[in-house]
2 protein chains.
Amino acid sequence: MPAMAGNTGTPGATVAGRVMAVLGAFDEHHRRLTLSAIARRAGLPPPTVHRLVGELVRHGALAREDGAYVVGRRLWDIGLLAPVQTTLREAASPFLHDVYATTLATVHLAVRDGDEVLYLERLAGRASVPVVSSAGSTLPMHCTGVGKVLLAHAPEEVRSRVLGSLRRVTPYTVTRPGVLLRQLERVRREGYATTVEEMTLGACSVAVPVRRGGEVAAAVAVVVPTLKRDRGRLVTALQVAAQGIARRL
Amino acid sequence: MPAMAGNTGTPGATVAGRVMAVLGAFDEHHRRLTLSAIARRAGLPPPTVHRLVGELVRHGALAREDGAYVVGRRLWDIGLLAPVQTTLREAASPFLHDVYATTLATVHLAVRDGDEVLYLERLAGRASVPVVSSAGSTLPMHCTGVGKVLLAHAPEEVRSRVLGSLRRVTPYTVTRPGVLLRQLERVRREGYATTVEEMTLGACSVAVPVRRGGEVAAAVAVVVPTLKRDRGRLVTALQVAAQGIARRL
DNA sequence: ACCGGCCTTCCGCTGAGCGGAAAGGAGACC
DNA sequence: GGTCTCCTTTCCGCTCAGCGGAAGGCCGGT
């Protein structure tokens, strides 16, 4: 078959699919992409991407910023309309501010999304620890505070899947299933989880569950440079917030 | 020409364009749409929309929620990657919290976008006034606090265009160009703007400019049920915040 | 029973889309 | 200045993905 002639190397593909592939090329760590980078990441030939991207820029879905492409204003607008745990976020917002005000640490609100943690909200402190997460991003469960809380209360099936593949992120990441399993028991017993430089060097976290009915619906956490003797104070602040959020659900 | 036969009623149209038309059917006031509503608002025939929407749902750009369609998680993720005044928002975030903490009112951060106001951030109070705006939405300039501030410092050309079409929104909306012009002079002189039920009944606002270099880059505001004698206190709180934000730019 | 509104499936026509080929930059290295 | 590499952009002829009118199914109202 000498070159598949004319068009579509992959029959069955749709334009909408290609458009989403182009948009999907952007992520947390790739907010600016050149044309060829998009092509590579989307698995499409450069000329095709060139045309699509041109179209998308014309419609405001993407924007050109000096050399490279970035996600456009239009898509920001539209994306904000998505009902992603809207009630939870709205209920939580004031309490997260309270926690921030009293601790001045970075504050997180997250839910479980499959086998990962989805960050819904992040309040970054004025002079806070370097933190990887931001609203909209996902991180693994086994090395984040919110992750441990959500994992401790997740269905058995999720837990065993996650425990089966504990990727090392820093030298302090817990990668032995037995150790993590014992930590999770403790999380259930004591009502909070901690991490110590397991995701990012120089960052520790404390997290507590937010309950809706009997279920754990979300987790709130703070990130600080070190736990030391602040632990008790942070747990209390978070529990007050979690309680308040739960009441409003 | 008896029915235009076969395909595309409108030649020259592209699929990417149609996709954006479909996504553009959603807005602030239309977060849930039925298939036929999308078709109407996008100006496309229902079968075409049916196919596109199906595709988009498969890719997570839209989601089906019982009967109707809503914007999907995937688009939320991607939209959050847009560099929409990122540095401004990050610089402002902690100061907005401070204002919220001290006033317990709804706090806004906005910039001018053409002849309208674009809301970048909204901190909604626990028990706050009904407010129309939310992050991502745009409102007219002449009847919002942030709008008046930004209009007072906008290029002459923008100002005259806006003054030329003052739409009435509530019985208290200022629709006489002369009156508004005098208010704007005062805004420049005194350093803050106010509105009294000009956009929403039962909501008043106070706003101050945020400067970057010599330019006014943004505006911060609070929304309260009534101004009364709080005005001075609110202006001060906002000015402190605006000063802090400006310092970080 | 009938009507009006939705959603959905069908299907034949066709031009929008495709992407290899090749031409135009912009650097980097020798 | 020449050559190499990598990226962007234009060209263009071949099709198949997309189109949307027509028609069928479903519900709720009258």
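In what follows, chains carry the letters A, B, and so on, assigned in the order in which the sequence lines appear, proteins first and then strands, with residues in each chain numbered from 1.
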J.: Evaluate the side-chain proximity of B:Met199 to B:Thr170: yes if any heavy-atom separation is below 4.5 Å, no if none is.
T.: no
J.: Measure CZ/B:Arg64 against P/C:dC7 and give the value in whole Å, please.
T.: 8 Å
J.: Just compare C:dC18, D:dC7, C:dA16 and give me whichever is closest to any side-chain atom of B:Val15.
T.: C:dA16
J.: Among the candidates C:dG17, C:dT8, D:dT8, find the nucleotide nearest to the side-chain atoms of A:Leu35.
T.: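 For A:Leu35, the side-chain atoms sit closest to D:dT8.
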J.: Take atom CD1 of B:Ile38 and atom P of C:dC7, then tell me their distance rounded to the nearest Å.
T.: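 In whole Å, C:dC7 P lies 9 Å from B:Ile38 CD1.
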J.: Want to settle it: does B:Pro47 or A:Ala16 sit nearer the 5' end of DNA chain D, counting the closest nucleotide to each?
T.: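 Closest to the 5' end, via its nearest nucleotide, is A:Ala16.
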J.: Would a 4.5 Å heavy-atom cut-off, applied to side chains only, mark B:Val107 and B:Arg122 as touching?
T.: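 Side-chain contact under 4.5 Å: no.
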J.: Between atom CD in B:Glu55 and atom C1' in D:dA17, what is the gap in whole Å?
T.: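 From B:Glu55 CD to D:dA17 C1': 10 Å.
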J.: Describe, as an angle rounded to 10 degrees, how the axis at the first end of the helix from C:dC7-D:dG24 to C:dC30-D:dG1 is tilted relative to the axis at the last end, five pairs per end.
T.: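 What I find for the helix from C:dC7-D:dG24 to C:dC30-D:dG1 is an axis angle of 50°.
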J.: With a cut-off of 3.5 Å and sequence neighbours excluded, list every side-chain donor-acceptor pair involving residues 76-89 of chain B.
T.:
unit_1  : atom_1 : unit_2  : atom_2 : d
B:Asp77 : OD1    : B:Arg73 : NE     : 3.2
B:Asp77 : OD2    : B:Arg73 : NH2    : 3.2
B:Arg89 : NH1    : B:Val84 : O      : 2.8

J.: B:Arg18 CZ to C:dG15 P: how many Å, rounded?
T.: 13 Å
J.: Between A:Glu157 and A:Arg161, does at least one N-O distance fall below 4.0 Å, as a salt bridge requires?
T.: yes
J.: So, are A:Glu55 and A:Arg58 salt-bridged, with charged N and O less than 4.0 Å apart?
T.: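 Looking at A:Arg58 together with A:Glu55, the answer is yes, because their closest N to O distance falls below 4.0 Å.
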J.: Show the numbers, then the answer: is there a salt bridge (Lys or Arg N to Asp or Glu O under 4.0 Å) between B:Glu156 and B:Arg159?
T.: CA-CA 5 Å; B:Glu156 179 49 39; B:Arg159 193 157 39 237; 3.0 Å; yes
J.: Mind checking what makes side chain to side chain contact (heavy atoms under 4.5 Å, CB included) contact with A:Ser205, not counting sequence neighbours?
T.: A:Thr195, A:Val223
J.: Kindly point out which of C:dC18, D:dT8, D:dC19 is positioned nearest to the side chain of A:Leu52?
T.: C:dC18
J.: Under 4.0 Å between any heavy atoms, over every strand shown, what does B:Thr48 touch: base, sugar-phosphate, or nothing? Just pick one.
T.: base
J.: Among D:dG18, C:dC6, D:dC19, find the nucleotide with the atom closest to the side chain of B:Arg40.
T.: C:dC6
J.: Starting at atom CZ of A:Arg51, determine the distance to atom P of D:dC11, rounded to an integer number of angstrom.
T.: 14 Å
J.: In whole angstrom, give the distance that lies between atom CG of B:Leu33 and atom C1' of C:dC6.
T.: 15 Å
J.: Please state how far atom CG in A:Leu44 lies from atom C1' in C:dG17, giving the value in whole angstrom units.
T.: 13 Å
J.: If you check every side-chain atom of A:Pro46, which of D:dT9, C:dC18, C:dA16 has the closest atom?
T.: D:dT9
J.: Calculate the interatomic distance between B:His50 atom NE2 and D:dG18 atom P; express it in whole Å.
T.: 15 Å
J.: Would you indicate what B:Pro45 reaches in the nucleic acid, counting non-hydrogen atoms under 4.0 angstrom: base, sugar-phosphate, or nothing?
T.: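 Result for B:Pro45 = sugar-phosphate.
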J.: D:dA17, OP1 or OP2 - any side-chain N/O from A:Thr14 closer than 4.0 Å?
T.: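 No, outside the criterion.
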